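Here is the naming used below: chain letters follow the sequence lines, and residue numbers restart at 1 for every chain. Since this is a predicted model, take the numbers as computed values, not measurements.
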Amino acid sequence: MNEPGTAARAALPQAGQFALELNAVSRHFGALVAMADIDMTVRAGERRAVLGSNGAGKTTLFNAITGDYPPTSGRVRLFGEDVTYLPVHERIRRGLRRTYQISLLFSGLTVIENIFLACRGVGRGRHSLFRPRRDDGAMEMAETLLHAVHLDDRRDTPVAELSHGQQRQLEVALALSGAPRLILFDEPAAGLSPSERGDLVEILQSLPPHVGFILIEHDMDVALRVAERVTMMHNGRIFKQGTPDEIESDPEVQELYLGHGDNGGGRA
Amino acid sequence: MFRIERKSGRYPLGINPAALLVVVFLIAYPMFASDFFTFQVGAYPLILGTIALSLTMLAGYGGMVSIAQMTVAGFAAYIVAILGTNSVGVMGLGWPWWLTVIVAILGAALLSTFIGAISARTEGIYTIMITLAIAVAFFYFVRQNYQIFNGFTGFAGIEPPTLFGVYWRDPTPFYYLTLAIAAFFYFAVRYGSRSTFGLGLQAVRDNPRRVRALGINVFLHRVVAYFYAGIIAGTAGVLLVWFNGRVSPGIVGVDMAIDILVIAVVGGMRAPIGPFLGAIAFVLLENFAIDLIDRERFNTVIGLAFLLVVLFSPDGLLGLWRRMESRIRLPRANARWGVRANRDDWHPAGSPERM
């Protein structure tokens with residue numbers, strides 16, 4: 001399927017417009033090297049997929065970018081600014097967003113309250129002692145996102161009562177809140193039904209062209225459909241980078257990741 | 001463990017008849033109660049409940065169990081004695097009452113903020129240990145400092161002002177004063193729990209890591225919560241010193257600090273009414289248990305009551321009431337308490353239950 005806007009995005013200025021630059025980024029946990037010497041650049045508005053087997057270092061990469069677990073060495077630059085030593089919330093305020101592999105939501109709050117907090121988190125008035133009004137900017141944005149992820153009828157449901165699929169959708173809504181410029185999706189399709197996957201692909205493809213994302217996804221159907229470039233990781237290092245077609249047809253990659261001959265998970 | 005639940009007021013005119021009854025009772029109470037009952041059984045639990053409310057706010061909404069809330073209240077009480085007037089001849093600077101009260105409350109809030117700044121990077125049992133250490137340190141400090149805090153003896157002869165021709169330590173006016181302040185903070189916490197800050201605080205409780213990933217400064221959010229809790233506890237501390245007429249190290253000792261924790265837990269931390277229920281139960285036991293047993297066995301009774309509640313109703317008297325209510329099947333009970341209907345639903349792995 002050809003997504004609309006691909007051509008428009010290709011025309012975006014490229015040089016010096018990196019949303020993300022990683023420079024020799026490594027992360028050690030004691031003696032364990034989870035990730036070593038990662039050099040990677042992502043253009044503003046670029047859609048990138050990160051593939052690799054379990055333990056390849058994909059989530060570690062995300063944690064280094066967001067600062068959840070800062071890198072042990074190397075530099076991280078976001079939108080041209082060195083953020084290696086900035087706390088997580090400061091990076092988020094600069095336009096970075098992420099979802100988590102396992103839904104990390106606020107189970108005591110309702111769906112709309114979760115999204116509202118995400119919208120308010122990057123804006124002013126985080127410490128307001130007043131209840132949000134209906135016409136509050138962040139509340140209006142939250143209502144829009146609620147609709148975008150098809151959770152309208154669960155608006156006032158406590159998150160603890162949502163199904164797994166609905167929680168994944170809510171994860172995505174939280175990542176889309178505010179004015180994101182680069183979103184890290186950590187296996188957003190995990191555990192979703194085929195129709196929910198379709199919804200997810202639709203949401204990813206309909207993001208405005210200036211919003212880039214990096215996607216960790218085991219479902220090749222989802223990953224290769226939405227990505228412009230693919231980074232393959234293996235044993236904590238970058239193994240191959242290229243367009244989806246190049247990666248898919250690369251014999252080494254097929255050997256390593258897609259298995260021999262039959263790659264039924266690829267796009268048919 | 002301490003989940004705060006929302007009440008959706010689906011009653012005629014939006015008024016819960018039981019709540020209306022409680023309000024009428026609270027207002028009419030001094031008209032039929034003796035002075036002793038108005039003062040000791042009426043005003044005192046309202047003060048203790050307000051101090052425990054500050055803990056409920058921190059622990060129930062924010063997931064931060066602070067043992068030092070009594071220290072914060074006690075600090076305000078000391079400031080009133082030191083800056084205002086007292087009868088022991090130490091300090092007693094004679095500041096006007098309104099200035100003394102403002103400085104006392106703000107001073108308590110600052111102490112609370114300081115305690116928050118020290119402990120907000122820790123979680124769970126470590127928060128308890130750090131705040132306990134602060135409470136114990138403050139206790140020994142005031143007991144040994146004679147220049148400012150008058151050491152072991154403390155201060156006596158502290159009086160509320162006579163205002164509008166009313167002597168505010170008379171049982172009835174004092175009861176209404178404490179009721180007004182307790183009600184104000186009760187409604188403030190109830191309203192604030194749905195405010196942007198309150199939602200953020202509950203999000204911090206549920207999942208601090210994710211809160212950071214939304215652009216919210218978790219540390220700052222926690223410290224600000226301590227500031228507000230300090231305002232509540234400090235105001236109650238001013239009432240407490242007016243109630244007792246004196247203040248000594250005993251008030252900031254570990255016994256009292258634990259009492260506040262017991263009140264909050266026994267009452268239930270799911271809603272701001274919990275600490276007041278706990279305080280009433282505590283004061284009733286304190287006053288009337290000695291009719292049944294020796295005075296020195298009082299702590300045994302309190303301990304047993306605490307044990308029973310924790311064993312049979314982990315969410316306190318509030319939870320006990322909720323279960324009774326759903327057992328006798330009041331028509332709206334389920335809707336009101338938002339009883340989880342889909343228990344079989346997938347449970348979020350990333351939301352550990354936390355004190």
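- At a 4.5 Å heavy-atom cutoff, Gln166(A) makes no contact with chain B through either its backbone or its side chain.
- With chain B as the partner, the residue from Val88(A), Ile92(A), Asp68(A), Asn114(A) showing the most heavy-atom pairs under 4.5 Å is Ile92(A).
- Between Tyr191(B) and Phe130(A), the closest side-chain pair of non-hydrogen atoms falls below 4.5 Å.
- When Thr99(A), Leu129(A), Leu174(A) are compared by the number of non-hydrogen pairs under 4.5 Å with chain B, Leu129(A) comes out ahead.
- Two residues are said to be in side-chain contact when any heavy atoms from C-beta on lie closer than 4.5 Å; Arg126(A) and Ile216(B) meet this criterion.
- Residues Arg194(B) and Glu113(A) meet the side-chain proximity criterion, which asks for heavy atoms closer than 4.5 Å.
- Using a 4.5 Å cut-off between heavy atoms, Thr66(A) does not touch chain B at all.
- The main-chain N or O of Phe106(A) is never found under 3.5 Å from a side-chain atom of Asn207(B) such that the two would form a donor-acceptor pair.
- Here the closest heavy-atom approach between residue Arg209(B) and residue Tyr69(A) is recorded as NH2-CE1, 4.0 Å.
- A salt bridge does not link Arg212(B) to Glu90(A): none of the charged side-chain nitrogens sits closer than 4.0 Å to a carboxylate oxygen.
- By the side chain to side chain donor-acceptor pair (under 3.5 Å) test, Thr84(A) pairs with Asp82(A), sequence neighbours left out.
- Looking at Tyr228(B), the atoms closer than 4.5 Å to chain A (heavy atoms on both sides) all sit in the side chain, from C-beta outward.
- Closest approach of Ala213(B) to Arg98(A), counting heavy atoms only: CB-CG, 4.5 Å.
- In terms of heavy-atom pairs under 4.5 Å with chain A, the best-connected choice from Leu220(B), Leu214(B), Val218(B) is Leu214(B).
- Across Ser195(B) and Ser128(A), no two heavy atoms sit closer than the pair OG-O, 3.6 Å.
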